[in-house]
2 protein chains.
Amino acid sequence: MSKRQVIKEKPIIKGKQVTSRGEEDYIKAIYKLSDEAEGERVTNHQLAVYFAHTAQTVNEMVRKLEKKEMLVYQPYKGSVLTTLGMEEAVRLIRAHRIWETFLTDKLGYAWEEVHEEAEMLEHLTSTKLADKLYAFLGAPEVCPHGNYIPALSDLKRDDLDTCGRLKLSKAKKGKQYCLKSVVDDKALLVYLNSLNIYIDLCFKIIERDLVSDIVTLTYDGRNTPLSGAVAQKLFVCEVYDAEDNA
Amino acid sequence: MSKRQVIKEKPIIKGKQVTSRGEEDYIKAIYKLSDEAEGERVTNHQLAVYFAHTAQTVNEMVRKLEKKEMLVYQPYKGSVLTTLGMEEAVRLIRAHRIWETFLTDKLGYAWEEVHEEAEMLEHLTSTKLADKLYAFLGAPEVCPHGNYIPALSDLKRDDLDTCGRLKLSKAKKGKQYCLKSVVDDKALLVYLNSLNIYIDLCFKIIERDLVSDIVTLTYDGRNTPLSGAVAQKLFVCEVYDAEDNA
DNA sequence: TCAATTCTTAAGGTTAACCATAAAAAGTTG
DNA sequence: CAACTTTTTATGGTTAACCTTAAGAATTGA
Ligand SMILES: [Mn+2]
Ligand SMILES: [Mn+2]
Ligand SMILES: [Mn+2]
Ligand SMILES: [Mn+2]
């Protein structure tokens, strides 16, 4: 009999639930994959590999997102996000990086621990929450891995990750660099911890062996060799050190 | 060809995903309903009303939770949480209240805005995250609505909400009280805002009309009448004010 | 005590998000 | 351009979390 207050649960985002978690993950993936190489379009095959989903599943998701006008799909060519899709992607990446920053800066998480948590939290983050968190963090420029935290209006992805930065694998012997960002890959981050390498570390390249594909850095008074695979995941900018110019 | 890193998405909680969002909501609901009146057991009907689900759905969920040993169900009698179920409930309530506190204390949300956000965030909150957040908040005793934030070991629910507190609807004329907690109901909270009533406000009851069921309080130098329905949702403790004793 | 009411549960449906199989369509290449 | 490969898509499954309908079981109370 007790006519208790009726509670409608599961408003997963805010009110109308426009995009599900799965859809959001696809949008983000397309955004990220769309300029990892240089090709504009992201093929279904790329998505299938990325998510370890079947071709059928990818096709279904892509078609669904197309219907929602988040992307334009051309069979045998791939998908391009619409402006709507880009906005969604940027909203998610912004939330992701804000959470990562919160977890490390405020709660003391290590940089290799935050990605998974952020991967979940980003999907429950209203614009209001993201903005309040961002302000609370003091409007940080970058996440713990050095990637820019975009504003909602920053749809140009070129600016986001590698803006003006150089892959360490393309850096030159004899010059000095400062580490600006790293790929958010747990194994890599743990490895970098073990070498005492972190964002804003400055070092000099003392060797580049093209045959063995190894770059050797100097910092903290010792030499550290890095494989090409690792060097490809680190982004640096050149440092013009006065004392070194002499 | 690009053999990209395979990413398994959707680890909704942490690793093994023992309880889904729906299951967690049921566990919490049983916990909450189990002493709203005084009866131990929570009937399927109560749950059906609470969630606006059908009897069939409730039955399925309850049976599923029974299989997972989160509760013991007796047909026609209702469900009681097992210790496992209680632990789960407390974990969720703890996370809920910690998030609410974070949102108000750190991000400046109003107390009527935090429940919905917390309702989602609680389901993605590992023990580690909850503990770190809690420490970051300075180990607060209560949420913005005055309810205790339990430790994971606090399974006794009596202590949680009304421990030593009195429903304002049962308070006595002429005495002084301090508001200690309120039911987390948006409409109520907004109403209290309009009256300048907040946690830790002290006031005196100058009138209790049993016929009209209205309590009249004095604070801020004015009299405010509250209906019985509202007074039932406010919990107070008596204040022994020296200056008033004379 | 037995009829009315309420509660439970069996049977079967829907949708979302995944899967497999296999045919059809497009692209690639010798 | 024909053979081969890759991509798409039609069909049809599965599971989880909801639903409806309706039958059967327990409780209640006159
Ligand atoms: Mn990340
Ligand atoms: Mn990052
Ligand atoms: Mn709440
Ligand atoms: Mn609360």
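These numbers come from the heavy atoms of this one structure, side chains and all, not from hydrogens, waters or symmetry mates. These numbers come from a predicted model, not from an experiment. In what follows, chains carry the letters A, B, and so on, assigned in the order in which the sequence lines appear, proteins first and then strands, with residues in each chain numbered from 1.
- Remark: B:K106 qualifies as a cation-pi partner of B:F136 under the 6.0 Å distance and 45° angle criteria applied to the six-membered ring.
- Rounded to a whole Å, the CG atom of A:L47 is 10 Å from the P atom of D:dT8.
- Note on B:K128 versus A:E117: no salt bridge recorded, every NZ/NE/NH1/NH2 to OD/OE distance being 4.0 Å or above.
- Here the P atom of nucleotide D:dT27 and the CZ atom of B:R41 are 11 Å apart, to the nearest Å.
- Listed by chain and residue number, B:A110, B:K186, B:L189, B:V190, B:N193 satisfy the side chain to side chain contact (heavy atoms under 4.5 Å, CB included) test with B:E112 (two or more places apart in sequence, or in another chain).
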Fill in: Where protein sits on nucleotides 7-13 of chain C, one letter per nucleotide: B base, S sugar-phosphate only, - none, heavy atoms under 4.0 Å
BBBBB--
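- Atom P of nucleotide D:dT8 and atom CE of A:M61 are separated by 16 Å, given to the nearest angstrom.
- Residues satisfying the ring pair (Phe, Tyr, Trp, His ring centres under 6.0 Å) test with B:H96, not counting sequence neighbours, are B:H115.
- Figure legend: A:R94 and A:Y31 shown without cation-pi pairing, the cationic atom not lying both under 6.0 angstrom from the six-membered ring centre and within 45 degrees of its axis.
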